[in-house]
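All remarks here apply to the structure that follows.
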Amino acid sequence: MLRQVAEGVLIHQSEFCQSNAVVVHGRAGVLLIDPGVQGYEMACLANDLRELGQTVVAGFSTHPHWDHLLWHARLGAAPRYGTARCAATARDRLSDPGAKARIAAALIPPDIAEQVPLDLLGLITGLPAEMAQIPWDGPDVRIVEHQAHAPGHAALLIEERGVLVAGDMLSDVLIPMLDLNGTADPIEDYLAALRLLEGVVGDVDVLVPGHGSIGGADQVHARIDQDRTYVHALRDAGVAADPRVGPTAKDGWEWVASVHAGQLQRLARRSERDGTPG
Ligand SMILES: [Zn+2]
């Protein structure tokens, strides 16, 4: 079911990890950001759009993780975009014939694996780094690229509508999940990304995270602060007094505590290896 969160901006939420697909109305059709996860959900979204007399004229993936790179044939054959780094990473990770089977086995939870159509996974075109907006006929959608959760991760700012689509940051249920593979200083990168977002959210009153609840104006800075506090705790190898970790986690999100433990452990191993903190 589509739900309007701002004028001309609607979301379709998946049962899987409260994943938010975002629909933005343009002049000749809609832009679809992170389309969804399970096949029947994307088919449902395609139906809803058809009933509204809308076609998808462009797609966008906020980052190169499987749950943001999916597509369904019934959504049509519009061009799908991501940042250049996002597209290059997706291409790289999908370049060998066994890649999809590996993703299905290692990353997709077994209980939904059969419901996740991988045939159109990751078929995105990289937008050149100097392109500041998504090329489409609709309200300006500014690409705010940063290095944080995944290579080429982008938030999208729809200024006219007061909306920030945050990708996998600023969630009320997921802690910051750092990209611990591809970068020299994942902690500082993440903090820099939060500063970058802080600098663009002045007029934002609707925050759409990749997973979790939509935030209102009061949530924008609160979630930036919450993520920063968490990353500081991670940096200082401290206990994260974070509502998303431990007994205060929302129902169904108890596993986030193990993500936190895993991050602490990997960062500790990293600093042992490099002899540098963080
Ligand atoms: Zn995600």
Side-chain angles (χ1 to χ4, degrees), residues 11-23 32-39 41-42 45 59-72 80-83 85-87 89-90 93-94 99-100 102-104 106-113 115-118 120-124 143-156 164-183 186 189-190 193-194 197 207-215 223 226-227 230-231 244-245 249-250 252-260 262-263:
I11 62 154
H12 195 267
Q13 198 171 66
S14 169
E15 287 166 8
F16 172 74
C17 287
Q18 286 185 46
S19 307
N20 294 310
V22 185
V23 169
L32 177 56
I33 305 160
D34 293 351
V37 180
Q38 307 194 67
E41 292 168 337
M42 286 187 281
L45 171 57
F60 190 89
S61 289
T62 56
H63 61 287
H65 288 164
W66 69 271
D67 53 327
H68 300 261
L69 291 172
L70 294 157
W71 196 260
H72 193 285
R80 296 161 56 191
Y81 303 114
T83 64
R85 284 195 71 192
C86 172
T89 304
R93 290 180 182 169
L94 290 165
K100 284 181 186 173
R102 264 201 326 274
I103 289 168
L107 298 176
I108 304 180
D111 57 320
I112 65 158
Q115 299 293 335
V116 180
L118 295 178
L120 299 172
L121 182 76
L123 301 178
I124 57 171
I143 302 165
V144 186
E145 183 177 353
H146 46 267
Q147 182 61 42
H149 170 69
H153 190 277
L156 298 174
L164 181 77
V165 178
D168 277 3
M169 297 175 70
L170 312 185
S171 168
D172 60 325
V173 282
L174 267 184
I175 49 174
M177 290 166 72
L178 278 55
D179 180 9
L180 295 170
N181 296 319
T183 152
D189 286 346
Y190 211 102
L194 291 171
L197 293 179
L207 172 64
V208 184
H211 307 276
S213 322
I214 309 307
R223 289 200 194 174
Q226 178 169 262
D227 276 5
Y230 174 82
V231 176
R244 298 166 292 187
V245 177
K250 287 198 182 156
W253 292 89
E254 296 79 7
W255 55 273
V256 171
S258 64
V259 173
H260 168 59
Q263 294 198 121

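Both backbone and side-chain heavy atoms feed into the values below; hydrogens, waters and symmetry mates do not. In each ligand, atom 1 is the first atom listed, and ligand 1 is the first ligand listed.
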Spacing of Y230 atom OH and R244 atom CZ [to the nearest 0.5 Å]: 8.5 Å
What protein N/O/S atoms are there under 2.8 Å from the Zn ion (ligand 1), waters excluded? D67 OD2, H68 NE2, D168 OD2, H211 NE2
Distance col, row L194:CG vs D189:CG, nearest 0.5 angstrom, shows 11.0 Å
I'd like to check W71 versus P117 (side-chain heavy atoms, cut-off strictly below 4.5 Å). Are they in contact? no
Are H68 and H211 close enough, and set up right, to give a side chain to side chain donor-acceptor pair (under 3.5 Å), and what steps lead you there? CA-CA 11 Å; H68 300 261; H211 307 276; 3.3 Å; yes
Can you check side chain to side chain donor-acceptor pair (under 3.5 Å) on H65 and D168, steps first, answer last? CA-CA 10 Å; H65 288 164; D168 277 3; 4.7 Å; no
Contacts of A155 that satisfy side-chain contact (heavy atoms from CB on, under 4.5 Å) - sequence neighbours left out: V144, H146, L164, L197
